[in-house]
Amino acid sequence: MGRPSKALLDRERIGATALALVDEQGDFSVPQIARRLGVQTASVYHHVDGRTGIVELLRIQVSAAMDLTALDLRPWDVALDAWARSYRAAFAAHPRAIPLLTLSQVAAPEVLVHYERTVALLREAGFPLPAVMPLLTAVENLVLGSALDLAAPATVWDTDADTPLLAEAMDAAGPSRADTAFELALAALLTQARTLLP
């Protein structure tokens with residue numbers, strides 16, 4: 001029998017399968033990936049460096065939906081705002097991947113380019129070097145927290161007769177509470193960031 005015209009296994013298929021498993025159950029195992037792809041577990045290991053390598057493929061899969069061109073916009077705050085929104089949307093589509101991804105070092109060049117470009121944007125705008133990583137980290141904290149918030153139950157707090165003020169505030173916030181909170185936090189972050197410029 002000749003070789004198949006298309007490879008049965010590649011890094012992209014492994015990453016996509018792992019992401020589907022994470023979306024379904026919050027985690028993955030290499031044997032599960034192999035079963036889904038109809039191959040032996042050892043075959044998966046020929047393409048990736050164990051679980052750590054698969055986690056990095058997850059990161060590549062999720063980050064592919066982020067808009068790198070947003071960082072070409074000017075001025076800097078318009079670019080950072082647009083990039084943060086695309087970042088949030090990408091991770092909100094796969095919230096169960098967030099805990100897995102935050103526990104390992106970012107190594108994929110396809111993902112690191114986002115951070116490199118963001119640092120370049122902030123340096124070009126005139127931010128002092130010591131302020132750059134705290135600002136970038138603050139954006140990440142906001143984005144990832146908000147992406148998780150979007151996946152939370154519609155009613156996060158279980159109110160009763162002992163929490164009437166909380167119940168009233170929840171009703172007043174309405175169904176778009178998470179989006180309203182993100183807008184508030186992003187605007188506040190950008191306002192504070194402007195004070196860091198010389």
Using a cut-off of 6.0 Å, state whether more than 12 heavy atoms not belonging to Glu168 lie near its atom CD.
no

Where Ala79 and Leu71 come nearest, the two heavy atoms and their spacing:
CB-CA, 4.1 Å

Glu56/Arg11 under salt bridge (Lys or Arg N to Asp or Glu O under 4.0 Å): CA gap, chis, key distance, verdict
CA-CA 10 Å; Glu56 203 59 15; Arg11 290 169 57 83; over 6 Å; no

How far does CG of Leu121 sit from CG of Leu136, to the nearest 0.5 angstrom?
10.5 Å

Nearest-0.5 Å distance that lies between atom CG in Asp72 and atom CH2 in Trp83:
13.5 Å

Among the clusters formed by ILVMFWY side chains lying less than 4.5 Å apart, do Phe182 and Leu150 turn up in the same one?
no

CG of Leu189 to CG of Leu80: how many Å apart, nearest 0.5 Å?
7.5 Å

State, to 0.1 Å, how close Leu9 and Arg13 come at their nearest heavy-atom pair, and which atoms those are.
N-NH1, 4.0 Å

Calculate, to the nearest 0.5 Å, the distance between atoms CD1 and CD1 belonging to Ile54 and Ile60 respectively.
12.0 Å

Donor-acceptor pairs under 3.5 Å, side chain of residues 137-145 to any protein atom, not counting sequence neighbours: which ones?
| residue | atom | partner | partner atom | Å |
| --- | --- | --- | --- | --- |
| Thr137 | OG1 | Met133 | O | 2.7 |
| Glu140 | OE2 | Tyr87 | OH | 2.3 |
| Glu140 | OE2 | Tyr115 | OH | 2.4 |

Taking everything shown except Asp158 itself, do over 12 heavy atoms lie less than 6.0 Å from its CG?
no

For atom CD of Glu12, decide whether the heavy atoms of other residues, nucleotides or ligands shown that lie under 6.0 angstrom number more than 12.
no

Of Asp179, Asp67, Asp149, the one forming a salt bridge (charged side-chain N to carboxylate O under 4.0 Å, His left out) with Arg88 is Asp179

Thr163 side chain to Leu166 main-chain N or O, any donor-acceptor pair under 3.5 Å?
no

Taking all non-hydrogen atoms of both residues into account, name the closest pair between Leu197 and Gly126 and its distance.
CD2-C, 3.7 Å

Which pair of heavy atoms, one from Ala152 and one from Val156, lies closest together, and at what distance?
CB-CG2, 4.1 Å

In terms of hydrophobic clustering (I, L, V, M, F, W, Y; side-chain heavy atoms under 4.5 Å; direct or indirect links), are Leu190 and Val132 co-clustered?
yes

Are any non-hydrogen side-chain atoms of Arg177 and Met170 less than 4.5 angstrom apart?
no

Where do Gly15 and Leu58 come nearest, in terms of heavy atoms and distance?
O-CD2, 4.2 Å

Short side-chain to backbone donor-acceptor contact, Glu183 and Thr180, under 3.5 Å
no

Ion pair check, Arg96 and Asp23, cut-off under 4.0 Å
no

Measure the CH2-CD distance between Trp76 and Glu124 for me, rounded to the nearest 0.5 Å.
12.5 Å

For residues Pro95 and Ala147, report the shortest heavy-atom separation together with the two atoms involved.
CB-O, 4.2 Å

Name each donor-acceptor pair under 3.5 Å that joins a side chain in residues 100-108 to protein atoms two or more places apart or in another chain, with its distance.
| residue | atom | partner | partner atom | Å |
| --- | --- | --- | --- | --- |
| Thr102 | OG1 | Ile98 | O | 3.2 |
| Thr102 | OG1 | Pro99 | O | 3.2 |
| Ser104 | OG | Arg59 | NH2 | 2.8 |

Indicate if Val113 and Phe91 have the same hydrophobic cluster label, given that clusters are the connected sets of ILVMFWY residues with side-chain heavy-atom separations under 4.5 angstrom.
yes

Output side-chain donor-acceptor pairs under 3.5 Å for residues 35-43, partner residues at least two apart or in another chain, one line each.
| residue | atom | partner | partner atom | Å |
| --- | --- | --- | --- | --- |
| Arg36 | NH1 | Glu24 | OE2 | 3.2 |
| Arg36 | NH2 | Glu24 | OE1 | 2.6 |

For the residue pair Arg51 and Phe28, would you count it as a cation-pi contact if the rule is NZ or CZ under 6.0 angstrom from the ring centre and within 45 degrees of the ring axis?
yes

Can you tell me how far the NE2 atom of His94 sits from the OG atom of Ser63, to the nearest 0.5 Å?
10.0 Å

